[in-house]
Amino acid sequence: QVSLHPTIQIPPPNPFVLSSLELVSKERLAKSETISPSLVAQKEQMKLYFAGDSFYKVPEAVLFFHLKTPSLDGTASSFAMMYIFSKGLE
């Protein structure tokens, strides 16, 4: 019979390895908290919504712009200029 070397040890259990590979059921997903954004402010040219993050609790902002301008006349030049302008906003 072979004996183990005295300095070789089994590592402690990894807390990140799953103990169950069971899938989350549709019923459980339906019971989970669904966050719907609520309208906070509205003006003629703007709407502002808020949706809190109760899972990660990390503040995050997402902005969507919809630009309308008569300068976009369908030409490649006007499209390129608007593309450059929109990339400058990022």
Side-chain angles (χ1 to χ4, degrees):
Q1 189 175 15
V2 180
S3 61
L4 294 176
H5 193 278
T7 60
I8 296 178
Q9 298 177 2
I10 297 175
N14 186 338
F16 301 105
V17 174
L18 297 176
S19 59
S20 170
L21 297 177
E22 180 182 331
L23 296 175
V24 177
S25 67
K26 291 182 181 180
E27 292 81 21
R28 185 173 169 195
L29 284 175
K31 291 179 183 176
S32 66
E33 186 177 324
T34 303
I35 300 171
S36 298
S38 59
L39 185 63
V40 176
Q42 182 174 2
K43 295 191 177 182
E44 183 181 343
Q45 302 283 328
M46 176 206 69
K47 287 184 182 178
L48 178 64
Y49 292 91
F50 172 78
D53 178 13
S54 62
F55 188 77
Y56 294 108
K57 296 184 178 18
V58 176
E60 180 180 330
V62 179
L63 304 172
F64 294 99
F65 291 96
H66 184 82
L67 303 173
K68 293 182 179 181
T69 175
S71 301
L72 286 174
D73 56 8
T75 63
S77 174
S78 67
F79 177 79
M81 291 296 206
M82 183 53 73
Y83 179 79
I84 292 169
F85 175 75
S86 66
K87 288 298 176 183
L89 293 176
E90 291 179 3

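No more than 12 heavy atoms of other residues, nucleotides or ligands shown are found within 6.0 angstrom of CG on Leu4. Atom CE of Met81 is surrounded by 12 or fewer heavy atoms from other residues, nucleotides or ligands within 6.0 Å.
Taking each heavy atom of Val40 and Phe50 in turn, the nearest pair found is CG2-CB, 3.5 Å. Heavy atoms only, all atoms of each residue included: Pro37 and Ala51 are closest at CA-CB, 3.9 Å. Here the closest non-hydrogen pair linking Asp73 and Ser78 is OD1-OG, 2.9 Å.
Under a hydrophobic clustering in which Ile, Leu, Val, Met, Phe, Trp and Tyr are joined whenever their side-chain heavy atoms come within less than 4.5 Å, directly or via other members, Phe79 and Phe85 fall into different clusters.
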